[in-house]
Amino acid sequence: MRATDPEIEGTRFIDPQKLIDKKVRIVQVIQIGPLYGLKGQFVQFGGKHYIAIRIAYTSALIKVSLT
């Protein structure tokens with residue numbers, strides 16, 4: 001539920017079918033903050049890097065720095 005907070009800057013919501021053919025890597029947020037401990041899929045989408053959280057009928061993409 002934390003991933004769907006609209007106040008988190010850089011969050012997008014897309015159709016999960018758009019992520020089917022993407023190469024992903026499972027990651028966990030380890031930096032202290034509102035998303036600490038969150039597990040998701042690290043994915044490149046539209047030329048930017050995101051952590052993708054799949055939710056029923058949608059996917060939340062949280063923008064992250066590549067570093």
Worksheet item: Any link between Val29 and Val27 through a network of hydrophobic side chains (Ile, Leu, Val, Met, Phe, Trp, Tyr) touching at under 4.5 Å?
Response: yes

Discussion item. I need the minimum non-hydrogen distance between Arg54 and Ser59, along with the two atoms involved.
Written reply: CG-OG, 3.7 Å

Only distances under 3.5 Å count here; give the side-chain donor-acceptor pairs of residues 12-20 to other protein atoms, sequence neighbours excluded, each with its distance to 0.1 Å.
from  : atom 1 : to    : atom 2 : distance (Å)
Arg12 : NH1    : Tyr50 : OH     : 3.3
Asp15 : OD1    : Gln17 : N      : 3.2

Practice prompt. Indicate yes or no: at least one non-hydrogen side-chain atom of Gln41 is less than 4.5 angstrom from one of Ile26.
Written response: yes

Worksheet entry | Shared hydrophobic cluster for Phe42 and Phe45 (ILVMFWY, side-chain gaps under 4.5 Å) | no

Worksheet item: If every non-hydrogen atom of Ile53 is compared with every non-hydrogen atom of Gly40, which pair is closest and at what distance?
Response: CD1-CA, 3.7 Å

